[in-house]
Amino acid sequence: MTDMPVYMHFLYSTIATIGFSVFFNVPKSALIPAGLTGGIGWSIYYCLINATNNDILSNFLAAALVALISEILARKLKYPAILFVIPGIIPLVPGLGMYNTMLYLVQSNYELAVAKGANVLFVGGAISLGVLVVTSLSRTLNIVSLAKIHKNK
């Protein structure tokens, strides 16, 4: 990774996330919260990767945090959570790993291509699983609370 301080990583990933949010037609009032979601997610990933050196765990926890923040923002701002989740995980996507996998394939370096490709698949799975766990838990808790409200009527 780079020698930039964490606040610079946060700033640049927030700006990049806002850019992708514009591309995904996120409403103007949700651009800054969506950008902050991506910035926080990348900052957590950056801190975790430096602390643990485990790419998969770092991506899983960062994606879970992005999903949690997205669910909270969705309730507070009355927007669907997907408006915050998709732009928020964009900084976590292993684009360089995908590029290197293709480069190794083109160069006929199949051993490195398989190793890098497997890592990219595991990272993508970790990001998906992080979002899935938090979203499922949120929906389950929402269903339980609605059932309690309905039962008390």
Side-chain angles (χ1 to χ4, degrees), residues 1-107 109 112-143:
M1 288 270 171
T2 64
D3 291 333
M4 280 191 310
V6 176
Y7 72 88
M8 293 300 290
H9 279 271
F10 173 77
L11 179 67
Y12 292 143
S13 58
T14 300
I15 292 169
T17 305
I18 290 172
F20 275 101
S21 298
V22 169
F23 179 71
F24 292 138
N25 292 323
V26 171
K28 287 182 183 178
S29 61
L31 285 177
I32 300 297
L36 292 174
T37 302
I40 292 169
W42 176 258
S43 299
I44 293 300
Y45 167 77
Y46 179 74
C47 292
L48 287 173
I49 196 70
N50 287 332
T52 65
N53 204 24
N54 187 338
D55 209 18
I56 297 167
L57 177 66
S58 300
N59 274 293
F60 173 78
L61 293 175
L65 182 65
V66 166
L68 179 65
I69 293 170
S70 298
E71 291 291 336
I72 292 168
L73 287 173
R75 303 294 185 279
K76 295 287 183 192
L77 300 177
K78 298 190 184 338
Y79 285 120
I82 197 80
L83 286 180
F84 306 106
V85 170
I86 298 300
I89 63 170
I90 290 290
L92 301 176
V93 172
L96 180 62
M98 288 183 245
Y99 172 81
N100 285 333
T101 301
M102 290 293 113
L103 179 65
Y104 296 145
L105 284 172
V106 169
Q107 293 174 342
N109 193 344
L112 279 176
V114 169
K116 183 57 82 172
N119 186 40
V120 167
L121 286 175
F122 285 130
V123 167
I127 293 169
S128 302
L129 195 59
V131 172
L132 178 72
V133 166
V134 172
T135 304
S136 298
L137 183 63
S138 172
R139 292 190 185 199
T140 302
L141 292 174
N142 193 23
I143 290 170

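Given the structure is predicted, the values throughout are model-derived calculations rather than measurements.
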Before giving the answer on side-chain contact (heavy atoms from CB on, under 4.5 Å), spell out for Thr101 and Met98 the whole-Å C-alpha distance, their side-chain angles and the decisive distance to 0.1 Å. CA-CA 5 Å; Thr101 301; Met98 288 183 245; 5.6 Å; no
Short side-chain to backbone donor-acceptor contact, Ser136 and Val133, under 3.5 Å: no
Answer whether the closest heavy-atom distance between the side chains of Pro27 and Leu83 falls below 4.5 Å. yes
Show your reasoning for whether side-chain contact (heavy atoms from CB on, under 4.5 Å) applies to Ile44 and Phe10. CA-CA 9 Å; Ile44 293 300; Phe10 173 77; over 6 Å; no
Under a 4.5 Å cut-off applied to non-hydrogen side-chain atoms, are Ile40 and Val66 in contact? no
Please round to the nearest 0.5 Å and tell me the distance separating atom CD1 of Ile89 and atom CG of Asn59. 10.0 Å
Can a donor-acceptor pair be found, under 3.5 Å and without considering hydrogens, that links the side chain of Thr37 to the backbone of Pro33? yes
Check the pair Cys47, Val6 against side-chain contact (heavy atoms from CB on, under 4.5 Å), reporting the backbone distance first and the verdict last. CA-CA 8 Å; Cys47 292; Val6 176; 4.1 Å; yes
Answer yes or no: is there a side-chain heavy-atom contact under 4.5 Å between Phe23 and Ile90? no
Heavy-atom distance under 4.5 Å between the side chains of Ile127 and Phe60, does that happen here? no
I want to check something: taking the side chain as every heavy atom from C-beta on, are Pro91 and Phe20 in contact at a cut-off of under 4.5 Å? no
Under the criterion side-chain contact (heavy atoms from CB on, under 4.5 Å), I'd like the reasoning laid out for Asn142 against Glu71: C-alpha separation, chi angles, the key distance, then a yes or no. CA-CA 11 Å; Asn142 193 23; Glu71 291 291 336; over 6 Å; no
Keeping Asn50 on the side-chain end and Tyr46 on the backbone end, is there a donor-acceptor pair under 3.5 Å? yes
To the nearest 0.5 Å, what is the distance between OG1 on Thr17 and CG on Leu31? 11.0 Å
